[in-house]
Structure formats: C-alpha cells, structure tokens
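Lettering follows sequence order; numbering is per chain, from 1. What you see is a predicted model; the values in this text were computed from it and never measured.
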2 protein chains.
Amino acid sequence: MTSTRERILDTALALFNRHGERRVTTNHIAAELAISPGNLYYHFRNKTEIVSELFRRYEARVEAFLQVPVGRALTWQDKVAYLEAILQNMWQARFFHRELGHLLDADEHLRRRYADFARRSLDQGLQVYCGLRHAGLLEATDEELESLLVNTWVLIASWTGFVHALVPGERLDEELDRTLLRQGIYQIICLEAPYLRGEALEHLDTMKDAYRQGSHSTLELLFE
Amino acid sequence: MTSTRERILDTALALFNRHGERRVTTNHIAAELAISPGNLYYHFRNKTEIVSELFRRYEARVEAFLQVPVGRALTWQDKVAYLEAILQNMWQARFFHRELGHLLDADEHLRRRYADFARRSLDQGLQVYCGLRHAGLLEATDEELESLLVNTWVLIASWTGFVHALVPGERLDEELDRTLLRQGIYQIICLEAPYLRGEALEHLDTMKDAYRQGSHSTLELLFE
DNA sequence: CGATTGTTAGAGTAATTACTCTAGGTGTCA
DNA sequence: TGACACCTAGAGTAATTACTCTAACAATCG
C-alpha cells in the first residue's frame, strides 16, 4: 500500500486538475482521503509545498525524456515520441498550466524554478530541432528554428488551458480527454509541417490523419 | 472628471494586471482609490461583477476591429493592423488571460460568454484569413487555414501568460512591456510566414525586422 | 425651505481557510 | 515489557476577505 504522503499528492493532483488549485482547500484534500487536516500537515508544511512537490514530479518526468539520443541520428519516429510524451505529461499536470499565472505570483521561489525549467527545456528542445535538421528531416534557418521552438513551447504549455477554457469540466470525460490531447498533437504537427523534409514529410499526411481523430476539425470538436 | 464607477474599473484593471486578480481584494481597490469599501459595493454588487464588466469592455473592443472590410480586398497592411490591435487589447486585459482558468472555473456564466466570444472571434478570424487568401496574400488549403487559425488564437491568447511566467513583475517596466508585446507580434508573423505570398511575402523580412527589436532573439529577451 | 435622489463613509460581520496543537494510537526493536 | 519513532485524529485559531448596514452628505427640483 502506498504511503500517505504519496496518496496526498495523488489526490491533490486529481482534485487540482478537476476543480483548480484555488478552489481545492487542504481540508478538501484531507476529506477526500478521509484523513484529518492535521495528518495532512504532518506530511506537508503547507499547501505551497504540495504544489511544489507536484511540480518537481512533473519537471523530473519531462527532463527524463527530453534528451537527444547519443550515437545515432534522430528519426521521425523520435519526433512523434517527443510530442506524445510532452503532451501526455502536460496533461497530467494540467492544473499547473491552467493556473500558472497565479501559482507563480504566489510563490517567487517556484517562479525561479519554473523559469529555469523553461530555459532548460527550451534548450533541450533546440537540441532536438537541430538534431532533426541535421538528420535531414527538417529545413529551416537558425532564426526560423528559434521562432518555431518558442511557438511550439507556448502552444504546448497553453493547450490544456485553451481546451479547458472552452470545454467545461463536466463535459470532459476520459474519451474526450484523449481526443483533445491527440488534437493538440495534431496542432503541433501542423505548426511544424511547413519545415518538414524527407521521411518526416512523407509521413506527414499519415500522422495528420492519425491524430486528427475521425473527420472532425479542432473547432468542431471544441464547439460541437 | 470621470465617474467613480469608471475609476473603480480602471484601478481594478491596473491592479489586476500588476498583481493578479486573486491577490487583489476589493478592499485593496477601494484603498488605492481612497474610497470606502461601501462605496465600491454601491457601484458593483460584487467582485465578479467588476471582472465581468472588464471582460465586457475587452470583448467589445476586440469585436469592434475584428471585421473584414466590405467592398474592398484585404491588404498586407490590414494584416499587420489586425495583429497590432489584437495584441494591444490582449495586453491591456492581460490579467484576464493569465488567470483565465480560475476565472472561468469560478463563474460559469463568464465561461459561456468567453466560449461565445472565442467562437465569434475564431469565426471572424477565419473570414480574415479567407479574405487574405482571396487577395492572393496567403496560400493554404482549408485544412491548413484552420489549423493556422487555431494556433494563432492559442498563441495570441497565451502570449502574455508566457511572458509573465518568465519575467517577474518587477522587471517589467513600460519599455520591456512594449518590446515583449512587439516580440509577440513577431512570433505570430513567423507562424504565418510559410503561407505568405505576393506582397505579404515581399514585406516579410521588413516586418520581421520591424517587430524583432534590435538584434535580440525572443529567448535572449526573456532570459537575458 | 423641504424632499428626493444619488453617492459616500466606515465600522462591522459571517464565512472561509490555511494552519496549529495536543493527545493518542501503532509498529518495531531491545 | 517498555521505549521510541512514526503516524494520525480532530478540535481549535488567527487571519483574511467578500460583503452589509446604517447614517449622512451633496446636488437638484418643487
């Protein structure tokens, strides 16, 4: 059986994702777990520490896979794997991006950590794009590459917020969840499309079809 | 002299943008204006109503200029004007986008209004893009056009959030504000770049230089 | 003048909420 | 058995904060 500490984190994450961090009190978390507030505060000094720890988890997962493989060239399959992994993680910690503005305002320490995380991730992202260019899967000037990188980052970081703004929580079942996540990947594929070459370009249409579920457009999905 | 009601709205907007809606209490707003809380509540039933009214203002301004001119073709200057106007407005109401997630969670009525607003704006945006295509300034399939539209929307709506996450409030003077706003326009120009044709393509480099202040890249600006 | 309408002050309240404190259980190892 | 570390309960508190209430001021109009 998992430790109380872990269960608190898991429950907090679930509640934050469902209702938003602001609306979920420490007492709610304790109640959901059927433990006392005192117990919760035995494991975490304060609510901030819970958020902080959830961020640490998320950060660690992203850094783990956002690496350029050494000793071999990048393939177009790698590119897809990156997208899948990043958006998957993003989605798991979606409360974080939805309320990023406030969370960082309320905790300067977290702001610095987030800025460092962004810097490192963008740096790694640039390595990946350079690797893809080097492998002949992508053609772009340095300037184009950087603007593409920034746009990709912003889009990824904001996708869950965009979805949540338009789709109220109660409409979001697991089915729609998965669909909208894949739709996010589709949007990023479209972002990169003009710069793709070689094998990546050959598989573009296949990829598009794979992630654009059914014949629905992104807008149709959101506004049904 | 402007009315108390207007001054409350202006002050609330300024404080919300500076500190975030969550951290600014109604008492803060009253204190900043040197009026009593009672006075504030005479003009607004509650805090939600202030936010709601600020959104109404913002919404009205965006809808006012996001129109396709009748009786003439679109020019590339129109395109630039749209970007300037949209991002300008976005910036003015930046607290709204920074805390959109929570604001919509806390007010279902606002969520519906926002969804309607997004739908209408995206619809108008599509008209604009179609107009540009018709004028030979842009070449894209319907599918490409739609994904471009969605990406543009998400990017615009998230730009302020992105900037604010990486640049702490105290570093943000008016100078840097303007620079980062223009940098946002630069990023959107890059997003559209692969699809530009004709005059729009001819002016692309000029536009890029105009909005990419100095020789700094977006990342250098943010992380300096 | 008196009455009415719109506006303001400011003390006060009810509710929320993050967090504390004390006391007591539970398992483990000597 | 007893001691010790770990864990848990739950009542309680201090602070915040959105919001109310009453009284009064000011301008206008009959």
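Put simply, A:Y42 has a side-chain N or O that comes within less than 4.0 Å of OP1 or OP2 on D:dC7. Taking 4.0 angstrom as the limit, A:S36 places none of its side-chain polar atoms (N or O) nearer than this to OP1 or OP2 of D:dG10.
Contacts between residues 96-114 of chain A and DNA chain C, defined by a heavy-atom separation under 4.0 Å, are absent.
When all heavy atoms of B:G184 and B:L87 are compared, the pair lying nearest together is C-CD1, 3.8 Å.
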For nucleotides 25-29 of chain C, list the nitrogen or oxygen atoms of the protein found under 3.5 Å from its nitrogen or oxygen atoms, one pair per line.
none

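Checked by atom type, the side-chain pair B:Y129/B:T152 shows a donor-acceptor distance below 3.5 Å. At a cut-off of 3.5 Å, with distance as the only test, a side-chain donor of A:T218 or A:Q187 sits close to an acceptor on the other residue. Between the side chains of B:H102 and A:R22, at least one donor N or O sits under 3.5 Å from an acceptor N or O. Inspection of the B:H109 and B:Y114 side chains reveals no N or O donor paired with an N or O acceptor under 3.5 Å. Side chains of B:W91 and B:D177: a donor-acceptor N/O pair is present below 3.5 angstrom, by distance only.
The pair B:R57-B:E6 meets the salt-bridge criterion, since a charged nitrogen lies less than 4.0 angstrom from a carboxylate oxygen.
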Generate the contact string for nucleotides 11-27 of chain D. Rules: B means base contact, S means sugar-phosphate contact only, - means no protein heavy atom under 4.0 Å. ------SSBBB------
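Heavy-atom neighbours of A:R45 CZ from other residues, nucleotides or ligands within 6.0 Å: at or below the threshold of 12. Other residues, nucleotides and ligands contribute at most 12 non-hydrogen atoms within 6.0 Å of the CD atom of A:E175.
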